[in-house]
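Beneath this line is the structure, given in structure tokens, with notes to follow.
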Amino acid sequence: MTEKIGVLGEKSARRIGVERVVNAPLPTVHGKFQAIGYVDHDRGDEQVALVHGDIGAERVLVRLHSECLTGDAFGSQHCECGDQLAAALRAVVAEGSGVVVYLRGHEGRGIGLLAKLRAMALQAEGLDTVEANLALGLPVDARDYGAAAGMLHDLGVRSVRLMSNNPRKREALVRHGIEVSEQVPLLIPPCESNITYLRTKRERLDHHLPHLDAVAHLS
Ligand SMILES: [Zn+2]
């Protein structure tokens, strides 16, 4: 492959934003997807969007899923990420079309895997998820959604029905030029292990989690 150098020299040849590099069929337990791989030239991350069906451009059912190794792969009950990912994949298949953008580099709301584990250790000692990040000298939420918007633009998506309880995801997409026509709740029944974490998300991070009212009996 030959590198193309722009007429203005090397600097103008620097690629910006996300670039689609591969499209592979991905059959899953939830249904069939196309795994569309991107390189994020701004941050150096490798990213993937799972696309199901013929998505069109308007009111596309979309989940922006922040990577969570412990939740997504290990079934951690500290958070509800694994269940949210499965629910989102099931929802787009049930809908007949949609996109799950899986955002790497988003561990622990962007602080990284090991820092997230440190924050989890502090939470086991009684700090909440916000206090734990701050105690480590780290931001409460460092996630960036520019790459997610770039992938959606590349897929021809103009407006989305966003499966999320997090108002910041909606705001970030709008800021990056993707219209959010609707916010679709993705409510996972809480368990004893994650109820405190979920309440913190609702009370301190403004997540819309109305179903927590029904589980006052959980400690
Ligand atoms: Zn998680």
Side-chain angles (χ1 to χ4, degrees), residues 28-30 33 35 40 43 45-50 62-92 98-145 147-148 151 162-173 183-212 215 218-219:
T28 74
V29 293
H30 308 290
F33 291 86
D40 177 353
R43 302 172 72 93
D45 294 323
E46 296 180 340
Q47 300 287 9
V48 65
L50 297 186
V62 166
R63 164 81 180 156
L64 305 185
H65 191 81
S66 292
E67 169 181 39
C68 174
L69 179 72
T70 46
D72 299 339
F74 304 153
S76 163
Q77 291 189 320
H78 176 87
C79 57
E80 84 281 42
C81 304
D83 286 337
Q84 282 191 313
L85 177 60
L89 291 167
R90 280 197 303 270
V92 296
V99 183
V100 175
V101 179
Y102 190 85
L103 290 163
R104 304 183 66 209
H106 274 202
E107 279 285 356
R109 295 191 298 274
I111 61 176
L113 177 61
L114 297 186
K116 181 181 84 170
L117 293 176
R118 286 192 188 100
M120 284 165 64
L122 291 175
Q123 286 167 78
E125 291 170 15
L127 269 61
D128 73 29
T129 180
V130 171
E131 291 162 350
N133 280 30
L134 295 175
L136 292 168
L138 295 167
V140 172
D141 195 336
R143 288 175 291 183
D144 179 88
Y145 296 95
M151 287 186 265
L162 184 65
M163 287 185 277
S164 176
N165 311 316
N166 182 355
R168 287 183 185 84
K169 283 188 181 172
R170 177 194 196 117
E171 289 157 16
L173 274 188
Q183 195 151 344
V184 181
L186 197 56
L187 304 177
I188 305 300
C191 66
E192 221 169 298
S193 305
N194 65 21
I195 185 67
T196 305
Y197 170 81
L198 291 174
R199 285 191 177 127
T200 304
K201 270 178 138 179
R202 178 165 76 167
E203 283 150 28
R204 304 199 63 182
L205 298 169
D206 305 321
H207 285 223
H208 188 58
L209 299 167
H211 66 316
L212 298 186
V215 291
L218 288 174
S219 57

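Ligands are counted one by one from 1 in listed order, and the atoms in each one are counted from 1 as well.
Looking at Glu80 and Lys201, a side-chain N of the basic residue comes within less than 4.0 Å of a carboxylate O on the acidic one, giving a salt bridge.
Within the sub-2.8 Å shell of the Zn ion (ligand 1), the protein contributes these N/O/S atoms: Cys68 SG, Cys79 SG, Cys81 SG.
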Report task. Output, in order, the C-alpha distance, side-chain angles, deciding distance and verdict of salt bridge (Lys or Arg N to Asp or Glu O under 4.0 Å) for Arg204 and Asp128. Result -> CA-CA 10 Å; Arg204 304 199 63 182; Asp128 73 29; 2.9 Å; yes

Query raised in the report: Hey, mind stepping through Val92 and Val99 against side chain to side chain contact (heavy atoms under 4.5 Å, CB included) and telling me if it holds?
Result: CA-CA 7 Å; Val92 296; Val99 183; over 6 Å; no

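For Val48, the side chain to side chain contact (heavy atoms under 4.5 Å, CB included) test picks out Ala35, Leu50, Tyr102, with sequence neighbours left out. Residues satisfying the side chain to side chain donor-acceptor pair (under 3.5 Å) test with Ser164, not counting sequence neighbours, are none.
Within the structure, side-chain hydrogen bond (donor to acceptor under 3.5 Å, both in side chains) pairs that include any residue of residues 106-119 comprise Ser66-His106, Thr70-Lys116, Glu107-Lys116, Arg109-Thr129 (at least two apart or interchain).
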